There are 2 protein chains.
Amino acid sequence: MMVECDYFSAACPSRQLFDQVTDKWSMMVLSVIRAKPLRFNTIRRQVEGVTQKALTQTLRRLERNGLVVRRVLPTSPVAVEYAITDLGLSLQGPLGALHEWTITNLDKVSEAQRAYEA
Amino acid sequence: MMVECDYFSAACPSRQLFDQVTDKWSMMVLSVIRAKPLRFNTIRRQVEGVTQKALTQTLRRLERNGLVVRRVLPTSPVAVEYAITDLGLSLQGPLGALHEWTITNLDKVSEAQRAYEA
DNA sequence: CGGCATCCTTTTGGATACTG
DNA sequence: CAGTATCCAAAAGGATGCCG
């Protein structure tokens, strides 16, 4: 079933989802766990600049939205693994394209910024 | 020239650009002015929920990044028109794809959310 | 009409300490 | 190791008033 949704309506539920998937850290987290599931502190080390608090929040939201699954491994001490889901993988396409855009157009944007200051 | 940029490095300039183009209002503003240039208050009315302050900030940033051009029409009282640039148009592809994703996967996400609460 | 400036409230973010 | 809880600083957001 397709949800009825006006792109510009404040009530449109896809607006909120859009905000969540374009979150500052979500894209990077999804990327680092794409190849294989990773543990909390491994992700933390790879995503430079993320705090423990922010990473926890990001992972919870990703999990809640079905983009990531959390698995507790019964070792001692416990290990926790985060894996990307099929839904998460399907998001990577659009997200990657957007990131590609930022890379390829960084120069044009920088130039525009210099022009703007003048 | 392609910028050297490590996706996960905190110093990577594309990170900041990514944050800016995935801004809450940017996508909607770019969409509404896509067909033809619009004036400030017209945009404001179409993008439901945006405040005057937020719209001003969004437009300034879009302009600064070269995605939008601001034109002052010498009428009385003055009219100000915002038009999308070629760079802005090139961003619409990836941005639109991402928005498409949110629409088509809203159901799956909602289902995941229900599952998560349980 | 299209803003900018100010004020104030609310949200977010970082740092630190503590726990199973 | 993988968090939660707390506290404080910083940033964002809304409301209002004013101006060219």
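Any value given below was found using the heavy atoms of this structure, including those in side chains, with hydrogens, waters and symmetry copies removed. Quick caveat, the model's predicted, so the values are computed rather than measured. Order of the sequence lines sets the chain letters (A, B, ...), proteins ahead of strands, with each chain counted from 1.
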A:V78 vs B:E81, nearer the 5' end of DNA chain C by closest nucleotide | B:E81

Using only heavy-atom distances, determine whether the side chains of A:R61 and A:Q20 contain a donor-acceptor pair under 3.5 Å.
-> no

Do B:S9 and B:D6 have side-chain atoms, one donor and one acceptor, less than 3.5 Å apart?
-> no

Any Lys/Arg nitrogen of A:E81 or A:R70 sitting under 4.0 Å from an Asp/Glu carboxylate oxygen of the other?
-> no

Under a 4.0 Å heavy-atom cutoff, the residues of residues 36-64 of chain B touching DNA chain D are B:T51, B:K53

Does [X] use its side chain to pair, donor to acceptor, with the backbone of [Y] at less than 3.5 Å?
X: A:R64; Y: B:Y116; result: no
X: B:S31; Y: B:M27; result: yes
X: A:T56; Y: A:Q52; result: yes
X: B:S14; Y: A:I103; result: no

Measure the distance from NZ on B:K24 to C1' on C:dT11 and round it to the nearest whole Å.
-> 12 Å

Below 4.0 Å: OP1/OP2 of C:dG3 and any side-chain N or O of B:Y82 = yes

For A:R70 and D:dG3, is the shortest distance between a side-chain N/O and OP1 or OP2 below 4.0 Å?
-> yes

Divergence of helical axes at both termini of the helix from C:dC1-D:dG20 to C:dG20-D:dC1 - five pairs an end, 10° steps | 50°

State, yes or no, whether a side-chain contact exists between A:L62 and A:T58 at a heavy-atom distance under 4.5 Å.
-> yes

